[in-house]
Amino acid sequence: VPPLGLPGPDTDNPRELLRFEAIRLFQDRAVKAHPSFAMTSESAPVVAALCHDLDGLPLAIELAAARVRAFPVGHIAGALDDRFRLLVSRSRTAPARQQTLRATIDWSYDLLDGDEKLAFARLSVFSGGSSLEAARYVLDSAGLDQERLFDVLSELVDKSILTAGADAAGAPRYRMLQSLRRYGRARLSDEGQLQQAQQIHREYFVRFAEEAEPSLQHADYQVW
């Protein structure tokens, strides 16, 4: 299921927020969990920020809203750094893969082949997405066969692990939803590879900065 519609960062009016699918889903599930729940001028911006942090993912929003039964919205939003423990369903009828956010992503991860798993984990070191060149550098350093690069990136886009877009110049750019990025980093950490992946990421950007430096003194400095 693709991410639901989200409001812009400056929208904080409860009525305006409820025009967006992600906010309506949160409210609906929160009311079912706690009938006295209501979107107020105080809680509405918190709900909007929470839905943004969850990337508009329906399952994640439903699991978060169910916690309203026991916790204030502000507490739930503040606990999302540990989302894989927080977002757990108490339902005994839903399929196992839909009872926790982690289980859902585990299920998707297990459907990937070895190269796709490697790329998923390694690309999670980028916090704001990556260019094609940056992705190539990080994955080449991780041992991905460069002849498979385009196939692997295409498969991750097709499987909704990555979102493909373009930068201002039209060059390819790849992004990962926050929950998927946190999952990938957890995989790297569990496998003892996080520090190495971060080092490779750092090496790329040091080289990028060194390449950019001379151009900062010329007419095309704004591009750089």
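Keep in mind it's a predicted model, so treat the numbers as computed, not measured. We use all heavy atoms of the structure for the numbers below, so side chains are in, but hydrogens, waters and symmetry mates are not. Along the sequence shown, the residues carry numbers beginning at 1.
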Practice problem: In sequence, state the C-alpha distance, the side-chain angles, and the governing distance for Q27 and L18, and then conclude on side chain to side chain contact (heavy atoms under 4.5 Å, CB included). | Solution: CA-CA 8 Å; Q27 178 182 251; L18 285 171; 3.6 Å; yes

Quiz item: So do V206 and E203 actually touch side chain to side chain, heavy atoms under 4.5 Å?
Solution: no

Practice problem: Carefully, step by step, assess I76 and V46 under the rule side chain to side chain contact (heavy atoms under 4.5 Å, CB included). | Solution: CA-CA 10 Å; I76 298 169; V46 179; over 6 Å; no

Exercise. Determine which pairs satisfy salt bridge (Lys or Arg N to Asp or Glu O under 4.0 Å) with at least one residue from residues 134-154, sequence neighbours left out, and list them in order.
Key: D113-R148, D115-R148, E133-R136

Quiz item: Any idea which heavy atoms bring L50 and V73 closest together, and the distance?
Solution: CD1-O, 4.3 Å

Quiz item: Would L118 and L139 satisfy side chain to side chain contact (heavy atoms under 4.5 Å, CB included), going step by step from the backbone distance to the final call?
Solution: CA-CA 8 Å; L118 181 151; L139 296 179; 4.1 Å; yes

Self-check item: Pairs satisfying ring pair (Phe, Tyr, Trp, His ring centres under 6.0 Å), at least one member in residues 134-153, at least two apart
Solution: Y137-Y204

Exercise. Could you grab the distance from atom CG of L111 to atom CG of D106, nearest 0.5 Å is fine?
Key: 11.0 Å

Self-check item: With sequence neighbours excluded, residues passing salt bridge (charged side-chain N to carboxylate O under 4.0 Å, His left out) with K159
Solution: E116, E155

Quiz prompt | Results of side-chain contact (heavy atoms from CB on, under 4.5 Å) for S189 - residues two or more places apart only | solution = L194

Quiz prompt | Value rounded to 0.5 Å, distance of OG1 in T104 from CZ in R102 | solution = 12.0 Å

Practice problem: Specify the closest pair of heavy atoms between I105 and S179, including all atoms of both residues, with the distance to one decimal. | Solution: CD1-O, 4.0 Å

Quiz prompt | Nearest heavy-atom neighbours spanning L4 and A22 | solution = CB-N, 3.7 Å

Quiz item: According to a 4.5 Å side-chain heavy-atom criterion applied to Ile, Leu, Val, Met, Phe, Trp and Tyr, with indirect links allowed, do I61 and L6 form part of one hydrophobic cluster?
Solution: no

Exercise. Specify whether F205 and H201 have parallel, tilted or perpendicular ring planes, treating 30° as the upper limit for parallel and 60° as the lower limit for perpendicular.
Key: tilted

Quiz item: Has the side chain of Q193 got a donor or acceptor atom that lies under 3.5 Å from a matching backbone atom of L188?
Solution: no

Quiz prompt | Pairing residues for S36 by the side-chain hydrogen bond (donor to acceptor under 3.5 Å, both in side chains) criterion, not counting sequence neighbours | solution = H34

Self-check item: Q195, Q196, R202 screened by side-chain hydrogen bond (donor to acceptor under 3.5 Å, both in side chains) with Q199, the one that passes
Solution: R202

Self-check item: Shortest non-hydrogen contact between L54 and A60, atoms and distance
Solution: CD1-O, 3.6 Å

Quiz item: Are the side chain of H52 and the backbone N or O of V47 linked by a donor-acceptor pair below 3.5 Å?
Solution: no

Quiz item: Of the non-hydrogen atoms in L57 and P3, which two are nearest, and what is the gap between them?
Solution: CD2-CG, 4.3 Å

Quiz item: Do any pairs count as a salt bridge (Lys or Arg N to Asp or Glu O under 4.0 Å) and have a residue in residues 42-54, sequence neighbours left out, and if so which ones?
Solution: D53-R83

Self-check item: S108: partners by side-chain hydrogen bond (donor to acceptor under 3.5 Å, both in side chains), with sequence neighbours left out
Solution: none

Self-check item: Interatomic distance, L156 atom CG to L123 atom CG [nearest 0.5 angstrom]
Solution: 7.0 Å

Quiz item: Can you name the closest pair of heavy atoms from A38 and S43 and give their distance?
Solution: O-OG, 3.5 Å

Quiz prompt | L177 side, atom CG; I161 side, atom CD1 - distance, nearest 0.5 Å | solution = 9.0 Å

Practice problem: Under the side-chain contact (heavy atoms from CB on, under 4.5 Å) rule, collect the residues that match up with A44, sequence neighbours excluded. | Solution: P14, L17, M39

Quiz item: Backbone N or O of V138 within a donor-acceptor pair of the S141 side chain at under 3.5 Å?
Solution: no

Exercise. Apply the test side chain to side chain contact (heavy atoms under 4.5 Å, CB included) to residues K32 and R29: give CA-CA distance (whole Å), side-chain angles for both, the deciding distance (0.1 Å), then the verdict.
Key: CA-CA 5 Å; K32 287 183 178 178; R29 297 301 188 266; 4.0 Å; yes

Quiz prompt | Residues which pass side-chain contact (heavy atoms from CB on, under 4.5 Å) with E16, listed by chain and number, not counting sequence neighbours | solution = T11, N13, R19

Practice problem: Sorted by first residue and then second, give each salt bridge (Lys or Arg N to Asp or Glu O under 4.0 Å) pair with at least one member in residues 163-185; sequence neighbours left out. | Solution: D81-R182

Practice problem: Not counting sequence neighbours, which residues clear side-chain contact (heavy atoms from CB on, under 4.5 Å) with A30? List them please. | Solution: F26, F37, A65, V68

Quiz item: Quick one: ring pair (Phe, Tyr, Trp, His ring centres under 6.0 Å) pairs with a partner in residues 159-196, sequence neighbours left out?
Solution: Y109-Y183, F120-Y183

